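Keep in mind that what you see is a predicted model, and the values were worked out from it rather than measured. In listed order, ligands and their atoms are each counted from 1.
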Amino acid sequence: MKIVIVGSGGREHAMGWAFYREGYDVYYVPGNPGTARHGTNIAEIPDEEDILVIPGSETYIAGGIADGKDNVFAPDSRGARLESSKIWAKEFMKKHGIPTAPFIVVNTPKELKTALKSFSPPYVIKADGLAGGKGVIIEDDFEKAVEKGTMLIEGAFLKGVKGPVVVEEYLPGIELSAMAVASGEHFALFPFTRDYKRAYDGGKGPNTGGMGAVGPINVDKGIVDQIEDIYRLTLDGLKSEGISYKGFLYIGLMIKDDKVYVLEYNVRMGDPETEVIVMMNPSGFVSSVLSAYRGESIQPIVPKCFAVDVVIASEGYPLSPRKGQVIEREPTGFAFYAGVKEESGKLVVSGGRVFHCMGTGMTPEEARTSAYRCAESVSFPGAFFRRDIGELIER
Ligand code: AMP
Ligand code: GLY
């Protein structure tokens with residue numbers, strides 16, 4: 001069986017690398033110069049029977065890449081509404097008794113103002129559709145919340161995003177992300193990881209897709225039990241609506257007074273979390289995906305080591321990353337490739353997150369040291385990375 005990974009980032013490189021390492025014939029559509037070293041980059045998904053297609057990002061999944069196809073490891077576009085429509089997801093949670101913040105759906109600026117009055121600050125307003133991680137407004141001031149929310153409804157806040165929004169209660173607490181593979185009846189949680197969302201050391205600067213990650217993170221049994229209940233309720237709820245959910249399921253959680261609430265669903269893996277999950281047990285990752293794909297029960301995925309991912313970003317990331325610089329020195333050690341392309345025989349920067357420098361070890365410190373040794377070896381104009389990945393300071 002051929003494995004076809006759709007996408008071109010570090011997450012896709014990491015998934016493909018795990019299959020490649022297990023001896024599979026791996027293809028990437030379109031991939032990048034790093035993935036070409038662990039398989040073959042191709043332009044289109046081959047029209048063949050014996051292939052397993054694994055899409056990386058929600059865009060493909062919400063766009064229907066798995067619709068009517070048994071050989072795509074992802075939910076169909078109906079299942080993808082967990083991520084592609086916040087309104088659908090919130091109503092789904094309410095209907096199936098899944099703990100989440102109380103909310104009101106509003107269609108007009110007038111309804112927005114009325115709804116905001118029934119909550120206290122900070123106010124939380126969420127765009128309904130996919131917004132590339134930018135669709136959440138958290139605002140202390142009532143008037144500003146009305147103003148920004150109105151702009152969001154009218155399409156003036158985010159390019160290409162307009163229409164109804166969700167207003168919900170602000171939940172203070174500790175955030176945690178859970179990721180799992182699922183197949184209708186069965187699911188298995190991946191080891192927990194922590195990602196570092198802000199651009200600069202100490203949790204400063206703008207929010208990014210993630211500047212690094214570390215795992216495994218220890219989570220109390222009482223919390224894990226609640227998370228498993230949430231996965232069970234979610235899969236059963238989907239099934240009762242005629243949706244057999246196959247693929248990855250990432251749940252963004254808030255823990256408040258030892259109780260777990262769902263903030264959001266993602267129908268894909270996280271990036272840079274995937275890189276860390278894969279490194280902690282590559283063969284466990286592969287067998288869990290294959291078991292889920294075949295609808296078999298899935299063995300728990302046990303971490304074999306600690307892993308750290310230090311992202312090497314290009315200056316200006318996340319707002320407007322500089323692109324086109326020639327990469328003078330590629331990472332030595334172990335790295336997954338992301339925003340990199342080849343031009344006239346040279347590697348050049350083509351995205352905000354450029355490399356994921358990986359380290360593993362039997363202690364978190366060992367994993368950090370090896371990831372940072374790799375990070376220090378990279379050189380291109382405007383390269384930067386956080387120095388505190390793996391230190392437990394954020395959250
Ligand atoms: P989401 O895309 O729904 O996960 O929201 C993005 C971020 O906004 C989350 O990671 C939280 O930090 C924050 N957030 C979202 N909803 C809430 C909420 N109800 N209470 C507090 N923080 C929230
Ligand atoms: N690292 C967060 C995400 O992939 O959504």
Side-chain angles (χ1 to χ4, degrees), residues 7 9-12 14-15 55-59 61-62 82-90 93 98-104 115-116 119-140 145 148-149 152 158 161 165-179 190 192-199 203 206-215 248-257 259-278 309 311 313 317-318 336 338 352-353 356 386 389 394-395:
R11 166 181 54 199
E12 290 77 11
M15 294 200 280
S57 102
E58 66 278 11
T59 318
I61 304 170
L82 282 180
E83 179 168 1
S84 65
S85 169
K86 284 261 190 252
I87 297 175
W88 192 86
K90 293 292 289 191
M93 287 187 261
I98 297 164
T100 189
F103 67 101
I104 301 174
L116 285 170
F119 292 97
S120 40
Y123 301 100
V124 182
I125 306 171
K126 299 185 174 183
D128 180 45
L130 293 181
K134 299 195 180 83
V136 178
I137 295 168
I138 298 183
E139 180 56 64
D140 283 318
K148 288 183 183 171
L152 187 59
L158 286 174
V161 181
V165 299
V166 173
V167 179
E168 70 178 35
E169 186 179 303
Y170 181 86
L171 299 174
I174 298 170
E175 279 189 71
L176 178 71
S177 299
M179 271 159 247
F190 286 123
F192 291 95
T193 56
R194 170 174 289 117
D195 70 334
Y196 294 72
K197 290 199 167 91
R198 300 298 194 97
N207 251 323
T208 71
M211 290 297 290
V214 59
F248 299 110
L249 182 56
Y250 164 155
I251 311 188
L253 305 159
M254 188 66 87
I255 302 167
K256 184 184 151 209
D257 305 329
K259 184 149 169 31
V260 182
Y261 298 84
V262 176
L263 287 183
E264 63 159 352
Y265 288 108
N266 293 127
V267 299
R268 52 167 177 86
M269 289 291 280
D271 188 353
E273 294 92 332
T274 306
E275 288 86 327
V276 166
I277 288 169
V278 159
D309 174 345
V311 170
Y317 177 71
F336 293 118
R353 291 189 290 184
H356 295 259
R386 276 181 64 160
I389 305 301
E394 221 162 319
R395 285 195 187 143

**Q** Given Lys126, Glu264, Lys86, identify the one with the heavy atom nearest to atom 15 (C) of ligand 1.
**A**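 The nearest heavy atom belongs to Lys126.
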**Q** Is a donor on one side and an acceptor on the other found under 3.5 Å between the side chain of Glu169 and the backbone of Pro102?
**A** no
**Q** Does Arg386 reach the main-chain N or O of Tyr196 with its side chain, forming a donor-acceptor pair under 3.5 Å?
**A** no
**Q** Is a side-chain N or O of Arg353 found less than 3.5 angstrom from the main chain of Ala338, in a donor-acceptor match?
**A** no
**Q** Enumerate the atoms of ligand 2 whose separation from the nearest heavy atom of Tyr250 is less than 4.0 angstrom.
**A**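 Matching atoms, with element in brackets: 2 (C), 3 (C), 5 (O).
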**Q** Of the backbone atoms (N, CA, C, O) and the side-chain heavy atoms from C-beta on, which set of Leu263 has a member under 4.0 Å from an atom of ligand 1: side chain, backbone, both, or neither?
**A** both
**Q** Applying a 4.0 Å heavy-atom criterion (strictly less than), which segment of Arg268 is in contact with ligand 2: side chain, backbone, both, or neither?
**A**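 The part of Arg268 near ligand 2 is the side chain, not the backbone.
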**Q** Heavy-atom distance to atom 11 (C) of ligand 1: which of Glu175, Lys90, Glu169 wins?
**A** Glu175
**Q** Closest by any non-hydrogen atom to atom 2 (C) of ligand 2: pick that one out of Gly132, Gly209, Gly210.
**A** Gly209
**Q** Any heavy atom of Gly133 sitting closer than 4.0 Å to ligand 2?
**A** no
**Q** Between Thr100 and Val262, is there a donor-acceptor pair closer than 3.5 Å when you use the side chain of the first and the backbone of the second?
**A**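 Side chain of Thr100 to backbone of Val262, a donor-acceptor pair under 3.5 Å: yes, one is there.
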**Q** Give the contacting part of Glu273 toward ligand 2: side chain, backbone, both or neither, where contact means a heavy-atom distance below 4.0 Å.
**A**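 Side chain only.
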**Q** Is Glu264 salt-bridged to Lys126, going by a charged N under 4.0 Å from an acidic O?
**A** no
**Q** Identify the protein heavy atom lying closest to atom 4 (O) of ligand 2, giving its residue, its atom name and the separation to 0.1 Å.
**A**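 Heavy-atom neighbour on the protein nearest atom 4 (O) of ligand 2: Asp271 N, 2.9 Å.
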**Q** For atom 23 (C) of ligand 1, state which one of Leu253, Ile138, Leu171, Val167 supplies the nearest heavy atom.
**A**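 Looking at heavy atoms only, Ile138 sits closest to atom 23 (C) of ligand 1.
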